[in-house]
Amino acid sequence: MKMNRYIYAAIFALILTGVTSCNGFLEEKVYTEYDPSELLKDQDGVDALLAGAYARSRIIEYASRNYTFLMNEFPTDIAFETGGGLERDAIPFINFTWAVDNSILNSFWGKMYEAIASANSVLNVVDGLTGVPEENLKRTQGEARFIRAVSYYFLYNLFGTTPIIELPKNASPDEIEEIGKSTPRASREQFVNYLVADLAFAIENLPIEENPIGKASKGSALAVLTKLYMHEKDWVNAASTAQKIIDLNYYSLYSDYKKMFSIEGEGNKEYIYRAPCIAQSGFQNNYMAHAFPPNYPIQSNWINFGAQFRTYTAFYETFAGNDVRLESFVAHYINESGNEVELCRDENGQALDNVRSFKYWPDPNAIGENNGNDIVYIRYADILLCKAEALNEQQGPSQESVDLVNQIRKRAKTEEIVLKDYPTRELLRDFILAERGREFFSEGLRREDLIRHGKFITNAQARGKNAQPYHVLYPIPLRQRESNNQLGQNPGYEGAE
């Protein structure tokens with residue numbers, strides 16, 4: 001059952017809570033195997049600690065809504081939000097008016113550093129562990145270093161480089177506090193090299209199979225490394241690392257695009273790195289409650305939020321009419337009163353910018369906002385298009401790049417492209433960017449793609465937003481700078497504090 005995939009993390013998190021809570025006022029004899037003084041001296045204890053690191057690193061429920069949509073999709077040409085209590089929080093991201101004291105940015109920063117701290121705790125404990133097979137230790141270290149690297153990568157995507165925090169073994173609370181208050185941001189070279197080292201170790205020591213779902217694997221570490229190289233425009237390493245994923249012969253494109261994101265399609269071999277979700281508060285995917293249009297005929301166990309996630313008509317119309325990816329949108333519907341409602345254009349042809357993405361197709365057994373659809377961060381289609389882009393940037397248009405793109409187009413059952421129609425690097429580059437939009441809408445990749453292609457700011461300006469070049473990074477949260485006076489601010493935001 002799906003619950004079993006995640007329950008180990010919930011149980012171990014509860015154990016861990018018991019280990020770290022206050023016990024000075026109560027003396028209680030421990031009768032179970034979970035004696036706090038012994039818990040972290042064997043593999044079971046380390047597994048509990050590792051489960052806590054996984055739990056803290058998961059970008060699910062409202063953290064997913066904020067990271068995927070507010071921070072990474074609403075500032076782009078794909079989607080935006082109106083209505084409900086969320087509109088107040090969404091508007092700054094839509095309009096490029098976010099502040100240095102934005103609570104959502106600060107919360108995400110804190111969440112990622114909690115995951116990093118948990119991963120470091122695992123590594124410190126494992127460093128002194130005896131009586132455990134070396135293979136098990138290496139795997140545990142690989143998982144912890146993956147969690148640490150991917151948490152830093154998510155921060156890097158938003159803020160640029162951040163402080164690299166490593167604590168001496170058995171550091172005192174005062175030492176820990178001082179390190180937190182005085183560690184400056186790493187240089188770009190230091191930061192990237194640190195992530196590459198962590199991911200290389202993970203690749204070497206993790207298994208190919210993702211077992212259980214959501215666990216770090218060789219493929220997920222290679223995938224994050226590919227994305228890091230793409231971020232750095234290191235095209236040679238991006239292409240070669242993507243090829244290593246292909247050569248695993250473990251992943252493949254799932255045949256049914258629409259079904260892939262449903263509960264029914266979660267057994268696919270396209271997802272490389274994901275967060276497992278269940279229809280339970282705290283472990284859920286809550287996207288669909290924001291996607292239903294007004295008075296949409298929903299099941300009694302679903303809920304339709306006032307906060308409405310809307311797709312721009314101009315983006316929706318970039319799809320060819322025969323593209324099966326259109327099946328993941330609702331452009332018109334019959335409402336609960338029996339009236340037909342158009343969401344794309346009105347009777348005068350004016351864009352309504354109100355199409356709805358149903359990519360995470362509603363969970364039939366959802367409980368209110370709580371859907372069980374797993375949330376995907378990187379999938380095989382992304383890796384194929386990364387390689388196509390990296391090859392094009394290295395050598396210009398080639399049949400290999402076109403063939404990689406056409407794997408995506410063929411799955412979408414839409415017209416495949418031919419090399420002669422893309423004689424220049426610029427033409428194929430623009431097509432790949434557009435195709436990435438059509439493939440990865442509602443997955444939070446559009447902002448980073450536009451930034452990499454140098455179009456994030458000009459694209460926003462064309463939509464009438466007051467976007468400035470420095471908006472390619474978010475500000476370092478003010479609360480973090482107040483806690484650490486060595487934490488420099490990103491250019492463009494200094495005068496806002």
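These numbers come from the heavy atoms of this one structure, side chains and all, not from hydrogens, waters or symmetry mates.
Between Tyr254 and Tyr380, the gap from one ring centroid to the other reaches at least 6.0 Å. A ring-centre distance under 6.0 Å is not found for Phe93 and Phe69. Between Phe292 and Phe358, the gap from one ring centroid to the other is short of 6.0 Å.
Tyr422 and Ser401 form no side-chain donor-acceptor contact under 3.5 Å, judged by distance and modelled atom types alone. Side-chain atoms of Glu369 and Tyr62 form a donor-acceptor pair, as typed in the model, at a separation below 3.5 Å. No donor-acceptor contact under 3.5 angstrom links the side chains of Arg345 and Tyr316, judged on distance only. No hydrogens or angles considered: nothing links the side chains of Gln407 and Asp403 as a donor-acceptor pair under 3.5 Å. A donor-acceptor pair shorter than 3.5 Å can be found between the side chains of Arg310 and Asn354. Side-chain contact annotation: Glu143 with Tyr54, donor-acceptor N/O pair under 3.5 Å present. Counted by atom type alone, Asp198 and Tyr153 present zero donor-acceptor pairs between their side chains at under 3.5 Å.
Partner of Asn72 under the side-chain hydrogen bond (donor to acceptor under 3.5 Å, both in side chains) criterion, out of Arg447, Arg446, Glu443: Arg447 alone.
Taking the six-membered ring where tryptophan is involved, the planes of Phe159 and Trp109 are perpendicular, since the angle between them exceeds 60° and thus also 30°. In this structure, Phe191 and Tyr156 have tilted ring planes: the angle between them lies in the 30° to 60° band. Classification of the Tyr296-Tyr333 ring pair by plane angle, with boundaries at 30° and 60°, yields tilted. Using the six-membered ring where Trp is involved, Phe315 and Phe319 have ring planes that are perpendicular, over 60° apart on the 30 and 60° scheme.
Between Arg411 and Glu270 there is a salt bridge, since a side-chain N of the basic residue sits under 4.0 Å from a carboxylate O of the acidic one.
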